Amino acid sequence: MGYNFKEVEKKWQEKWETEGTFNAKNDFSNTKKWYGLIEFPYPSGQGLHVGHPRSYTALDIVARKRRMQGYNVLYPIGFDAFGLPAENFAIKNHIHPKIITEQNINHFRNQLKSLGFSFDWSREVNTTDPDYYKWTQWIFIQLYKHGLAYKATMPINFCTGCKVGLANEEVVNGVCERCGSEVIQKEKSQWMLKITEYAQRLIDDLADVDFLDKIKAQQINWIGRSEGAEVKFKITESEETLTVFTTRPDTLFGATYMVIAPEHKLIDELKEKITNMKDVEEYKRKASLKSDFERSEINKDKTGVEIKGIMAINPLTNKEIPIWISDYVLSSYGTGAIMAVPAHDSRDYEFATKFNLPIIQVVDGDCDIEKEAFTDVETGTMINSGFMNGMSVKDAKKKVIEYLEENKIGERKINYKLRDWVFSRQRYWGEPIPMVYCEECGWVPISEEELPLKLPEVKDFEPGENGESPLAKMTDWINTTCPHCGKPAKRETDTMPQWAGSSWYFLRYMDAHNDKVLASKEALEYWSPIDWYNGGMEHTTLHLLYSRFWHKFLYDIGVVPTKEPYKKRTSHGMILGTNGEKMSKSKGNVINPDEIVDEFGADTFRVYEMFMGPFDQSASWSMESIRGCAKFLDRVWNLQEILVDGNEYSGEAEKLMHKSIKKVTADIEEMKFNTSVSTFMTMVNEFYKLNRINKAEFRTFITLLNPFAPHITEELNKKIGFDDELAYCKWPEYDEAKTVDDEIELPIQINGKLRGAVNISIDENEETIKEKVHEAMKERLENQNIVKEIYVKNKIYNIVIK
RNA sequence: GCAGAUAUGGCGGAACUGGUAGACGCACAGGACUUAAAAUCCUGCGAGGGUUAAACCUCGUCCCGGUUCGAUUCCGGGUAUCUGCACCA
């Protein structure tokens, strides 16, 4: 009789659901708690992607193992449901995004349930639910009250055809994805969050968490701390100064020109004095067409215009040097202006060579300055640098900063690449920003009792004409009174970015239905911090940083008990199409998880996704390989046919059992799920070779396999006569002494090449091994001069001959 | 461009802290069962040479170089591919 996965999986899923088997217990007295978190999905119209279950299965395995180890486990799920696709669908089809979102969520929920994850569905959250975003808005108000939210003028992508603001994603090769018109950068007043104030702490506190090293590196590089100095340059014919940030103040004597970003305010301030304003304006216009990314990408061919009529003065040499405008300098980094030292910076070198600007070498070292810039900071010696001549770069740096500070022309400065977070979106489908503008009082947050500030019902989701949110057309909603003085006032019409809801969702899971606070103190104290967070490598910069920032803020104001939200963070690789490319509708290589579950069942699906390759690396889908996993589970099912009695491991299987328990127990912690599955396969092969498996061995085997394939193992457990369920049974233990072989085959090498092997008992005396080895290698060693013999205990015996 | 990662048979991959490269699975080939096919079971399976068969030999973990008795693993220099780049999530 074959294994009927359809019947069995349905039976167990229904049982788990009606009994709430996997719901976390609100018993805060159990001190062993474990909180596992996966990134909640965006419920797209395409349904679940086969990539989602890779992460969910992995932590599901850990969660199930933890339950067996006696932990009170919280493994929640929810939906990050605000976002562009639903809104764009709404515009096209005139359906409210709320309706589409609801449909999509229902679809996702069913798909997730069909895979047998041990989620606690009683705590499901949905970021678009007013009961949820009430608290997103509440956090924003706290940020505002603490001076971390402010208004600033920032550029948005603006489509000259549709007259609307666009997301970066909607800009393809500089034109609008929809209408093909030119996209320009347009200045707009937007809400900003001061994440830069937390930059140093976001770096420092990484020391206290267990994130993969590569994730820490990504975070640190993204924040981009660099030490250097700010230097003020005087401008001729003017009282203005031009301040630059540089990491190489030691090369100040070699600064032969300045470059400012096209958006730099100096241009406006000195436009009376600039004699070639036309050229400058034209260059600015062209630059506004490019994003920062394009600007740094296309730096092979540098462009720029000299600003005529004004010069800067090098504060050390007192020489006048020209000021240029170029888009390789970004307004968003540092001060938006640089001092160019072409001899010691390769971008400046390229620019100077192209425009014939002077190159003065100030650091001497092993390099031909005629050919390229000398950028090494370790070996050089200062030249052409007045009071710094003869110093090392390191000493010169120190000296020049002292000099700058003494003479009040500059100071030591730490700069971060990290920029403040642009928090406004000119969109409908997002959390309304709970702020009101009053002519008298300025920006005022709405009263917290009024939260949630619900999205008004609108019919038309088209964005407003001047890059404004669709809410700008809702005059009834906009007009309100000032919470402060009571006079007529207007609401903010921009909404929050999708990042908002996902920056704190993990807190809501701890106490999902609380209507007084975002989560109770007891729940926060008990469940914090998240013990293990797994998600995609593509989220390791932005989402991770944003949520850490919010968490730190909530810690500062006493809402949460820990500095960091996540104790441990790991990442999974992407699942690619069968052709090795990213799955996408247009490429026609999308695998639908429903079809896989229908054909093979959830257990096979889960086992396959764990077996397909190293968890942290991308893997291509293979329809052939998944059949191998289905076959494996059939073989597991058929083990019943060779089942014999026995309450203890039999002698012939004992080593296998202890070794396998050890391997799987460790593999799960290290996320080496693929080798766990290999271990299961090897076990099954061994049982068939022995042509018997006893009850004790069977029970251990299905317990180990249960987190991977929960349905079939629960069913087998019943079939072989156990009354309990594996979900909360005890995780198997192993005896270290029984995991080692008594006898091993010791490989023998001659000059590092494998030449044979001898059987030895474990930890055998070196003398007798030597005898055995020499006996075995007798012919090869005849008339040879033995130079050296190396024995690595129980590993290898190497003889070096000459 | 900047940042992070990856590279091993026909394919996915395994190999603990530098110690028998290729576990496990797929594909393929041969055999058993069957009237036949599917399913299942058994055997083989890096390349080249060698042998009736074996033994055995040489090469082989992206490329070039180094350290070492010994390198997929460590070091230096390259190449290729993947991911992110702030309004996709």
Side-chain angles (χ1 to χ4, degrees), chain A residues 2 39-42 44 80 82-85 154 156-157 165-171 190 195 213-215 217-222 224 291-300 328 332 347 417-427 497-499 502 536-543 545-546 571 573-574 576 580-582 608 611-614 616-629 631-632 634-635 638 666 672 674-675 677-682 685 688 745-757 787-790 792 794-801:
Chain A
E39 286 167 345
F40 62 163
Y42 171 73
S44 77
D80 188 16
F82 276 127
L84 263 189
M154 294 298 290
I156 60 166
N157 299 310
L166 297 176
N168 283 348
E169 197 192 42
E170 297 171 297
V171 182
Q190 310 205 59
I195 189 172
D213 285 342
K214 60 178 174 180
I215 297 175
Q218 289 265 36
Q219 293 262 300
I220 290 167
N221 291 332
W222 185 260
S291 65
D292 280 3
F293 177 43
E294 284 174 298
R295 286 195 199 179
S296 44
E297 182 180 42
I298 313 168
N299 79 348
K300 281 186 185 103
Y328 82 94
S332 53
R347 285 160 307 177
K417 275 204 190 86
L418 184 69
R419 318 202 284 253
D420 276 342
W421 177 4
V422 183
F423 201 68
S424 299
R425 299 291 183 275
Q426 295 71 45
R427 292 284 175 172
Q498 192 169 20
W499 305 109
S502 61
M537 204 57 204
E538 67 274 20
H539 293 281
T540 48
T541 46
L542 296 177
H543 162 63
L545 205 62
Y546 290 155
S571 287
M574 251 203 271
L576 307 170
E581 289 179 72
K582 205 169 167 171
Y608 170 62
F611 185 58
M612 68 195 301
D616 60 344
Q617 283 167 39
S618 57
S620 304
W621 191 269
S622 159
M623 277 304 179
E624 284 77 44
S625 291
I626 195 168
R627 274 185 201 107
C629 293
K631 195 164 117 183
F632 161 67
D634 276 337
R635 276 163 72 79
N638 293 333
K672 291 162 81 175
N674 52 335
T675 51
V677 176
S678 306
T679 304
F680 295 136
M681 289 171 168
T682 306
N685 291 346
Y688 278 111
E745 200 175 64
L746 183 76
I748 306 167
Q749 292 184 335
I750 291 178
N751 288 345
K753 288 196 176 182
L754 185 70
R755 284 295 181 259
V787 182
K788 199 172 172 185
E789 290 180 56
I790 298 141
V792 182
N794 301 330
K795 288 273 186 201
I796 206 156
Y797 199 102
N798 191 12
I799 302 171
V800 186
I801 58 174

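To find a chain, count down the sequence lines: A is the first, B the second, and so on, and within it residues start at 1. Because the structure is a prediction, the values reported are computed rather than measured.
To the nearest 0.5 Å, atom CE of residue A:Met537 and atom CD1 of residue A:Ile215 are 5.0 Å apart. Rounding to the nearest 0.5 Å places NE2 of A:His539 at 13.0 Å from CD of A:Gln218. For the atom pair CD (A:Gln219) and CG (A:Leu418), the distance works out to 10.0 Å, reported to the nearest 0.5 Å. For the atom pair CE of A:Met612 and CG of A:Asn674, the computed distance is 11.0 Å after rounding to the nearest 0.5 Å.
Comparing the P positions of B:C88 and B:U72 gives a spacing of 45 Å, expressed to the nearest Å. Rounded to whole Å, the P atom of B:C63 lies 13 Å from the corresponding atom of B:A7. Taking the P atoms as reference points, B:C28 lies 11 Å from B:A38, given to the whole Å. The C1' atoms of B:C87 and B:C74 are separated by 44 Å, rounded to the nearest whole Å. Of the C1' atoms belonging to B:U20 and B:G60, the separation is 15 Å, rounded to the nearest Å. Across B:A27 and B:G22, the matching P atoms stand 22 Å from one another, rounded to whole Å. For the P atoms, the distance from B:A55 to B:G46 is 13 Å, rounded to whole Å. B:C33 sits 11 Å from B:C42 when the C1' atoms are compared, rounded to a whole Å.
Partners of A:Tyr546 according to the ring-ring contact (aromatic ring centres under 6.0 Å, His included) rule, which considers only residues two or more places apart in sequence or in another chain, are A:Trp421, A:Trp499. Legend: residues meeting side-chain contact (heavy atoms from CB on, under 4.5 Å) with A:Ile220, ordered by chain and number and at least two apart, are A:Ile203, A:Leu206. By the side-chain contact (heavy atoms from CB on, under 4.5 Å) test, A:Ser620 pairs with A:Leu576, sequence neighbours left out. With sequence neighbours excluded, the residues forming a side-chain contact (heavy atoms from CB on, under 4.5 Å) with A:Asn751 are A:Val800, A:Ile801, listed by chain and number. Listed by chain and number, the residues in a side chain to side chain donor-acceptor pair (under 3.5 Å) with A:Glu39 are A:Arg569 (sequence neighbours excluded). Under the side chain to side chain donor-acceptor pair (under 3.5 Å) criterion, A:Glu789 pairs with A:His774, A:Tyr797, sequence neighbours left out. Contacts of A:Ser678 classified as side-chain contact (heavy atoms from CB on, under 4.5 Å), with partners at least two apart in sequence or in another chain: A:Phe611.
Rounding to whole angstrom units, CZ of residue A:Phe611 and P of B:C26 are separated by 8 Å. Computed from coordinates, the A:Arg627 CZ to B:A27 P distance equals 8 Å when rounded to whole Å. Put simply, CD on A:Gln219 is 14 Å from P on B:C85, counting in whole angstrom units. To the nearest angstrom, C1' of B:A39 lies 11 Å from CG of A:Asn638. In this structure, A:Met612 atom CE and B:G13 atom C1' are separated by 11 Å, rounded to whole Å. One atom, OH of A:Tyr546, and another, P of B:C88, lie 10 Å apart when rounded to the nearest Å. Spacing between atom NZ of A:Lys753 and atom P of B:G70 amounts to 11 Å, rounded to whole angstrom units. Summarising the geometry, the separation between CG on A:Asp634 and P on B:U40 is reported as 7 Å, rounded to the nearest angstrom.
Of the two residues near RNA chain B, A:Trp499 and A:Gly613, the one whose nearest nucleotide lies more 5' is A:Gly613. Annotation: of the two residues near RNA chain B, A:Ser502 and A:Leu418, the 5′-most nearest-nucleotide partner is A:Leu418.
Side-chain contact between A:Ile750 and A:Lys753 is absent, with no heavy atoms from C-beta onward closer than 4.5 Å. At least one side-chain heavy atom of A:Asp616 sits less than 4.5 Å from a side-chain heavy atom of A:Lys214. Counting heavy atoms from C-beta outward, A:Ile799 and A:Arg755 have side chains that stay 4.5 Å or more apart. Between A:Asn798 and A:Lys788 there is no side-chain heavy-atom pair separated by less than 4.5 Å. Using a 4.5 Å cut-off on side-chain heavy atoms (C-beta onward), A:Trp621 and A:Tyr608 make contact. At least one side-chain heavy atom of A:Tyr688 sits less than 4.5 Å from a side-chain heavy atom of A:Asn638.
Nearest heavy atom pair, residue A:Phe40 against residue A:Ser502, reads CE2-CB, 3.6 Å. The shortest non-hydrogen separation linking A:Met623 to A:Ile626 is O-CG2, 3.2 Å.
A sub-4.0 Å separation between OP1 or OP2 of B:C56 and a side-chain N or O of A:Arg755 is absent. Contact between the side-chain N/O atoms of A:Arg425 and the OP1/OP2 oxygens of B:C87 is found at a separation under 4.0 Å.
Looking at heavy-atom distances under 4.0 Å, A:Ile156 makes contact with a base. Among the atoms of the strands shown, none is found under 4.0 Å from any heavy atom of A:His543.
B:G10 adopts an anti glycosidic conformation, its chi angle falling more than 90° from 0.
Looking at the side chain of A:Pro614, the nearest of the listed nucleotides B:C24, B:G13, B:U58 is B:G13. The side chain of A:Leu84 has B:C88 as its nearest neighbour among B:C88, B:G84, B:C87. Here B:G84 is the nucleotide among B:C87, B:G84, B:C24 with the atom lying nearest to any side-chain atom of A:Thr541. Of the candidate nucleotides B:C87, B:G12, B:A86, B:C87 has the atom nearest to the side chain of A:Asn157.
Side-chain atoms of A:Glu624 stay outside donor-acceptor range of the base of B:C28, with no qualifying N/O pair under 3.5 Å.
Among the duplex regions that RNA chain B forms, those built from at least three successive Watson-Crick or G-U pairs under 3.5 Å are B:1-7 with B:79-85, B:10-12 with B:24-26, B:28-32 with B:40-44, B:46-49 with B:56-59, B:62-66 with B:74-78, ordered by first number.
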Identify all pairs in which a protein N or O lies below 3.5 Å from an N or O of nucleotides 30-32 of chain B, and state each distance.
none

Show me the protein contacts with nucleotides 15-20 of chain B, counting only N or O atoms at under 3.5 Å.
unit_1	atom_1	unit_2	atom_2	d
B:C16	N3	A:Lys795	NZ	2.7
B:C16	N4	A:Lys795	NZ	3.0
B:G19	N2	A:Gln749	OE1	3.2
B:G19	N2	A:Asn798	ND2	3.4

Pairwise N/O distances under 3.5 Å, protein to nucleotides 4-10 of chain B:
unit_1	atom_1	unit_2	atom_2	d
B:G4	OP1	A:Asn221	ND2	3.3

Q | Per-nucleotide protein contact string for nucleotides 41-51 of chain B, where B marks a base within reach and S marks sugar-phosphate only (heavy atoms under 4.0 Å, - for neither) | A | S----------
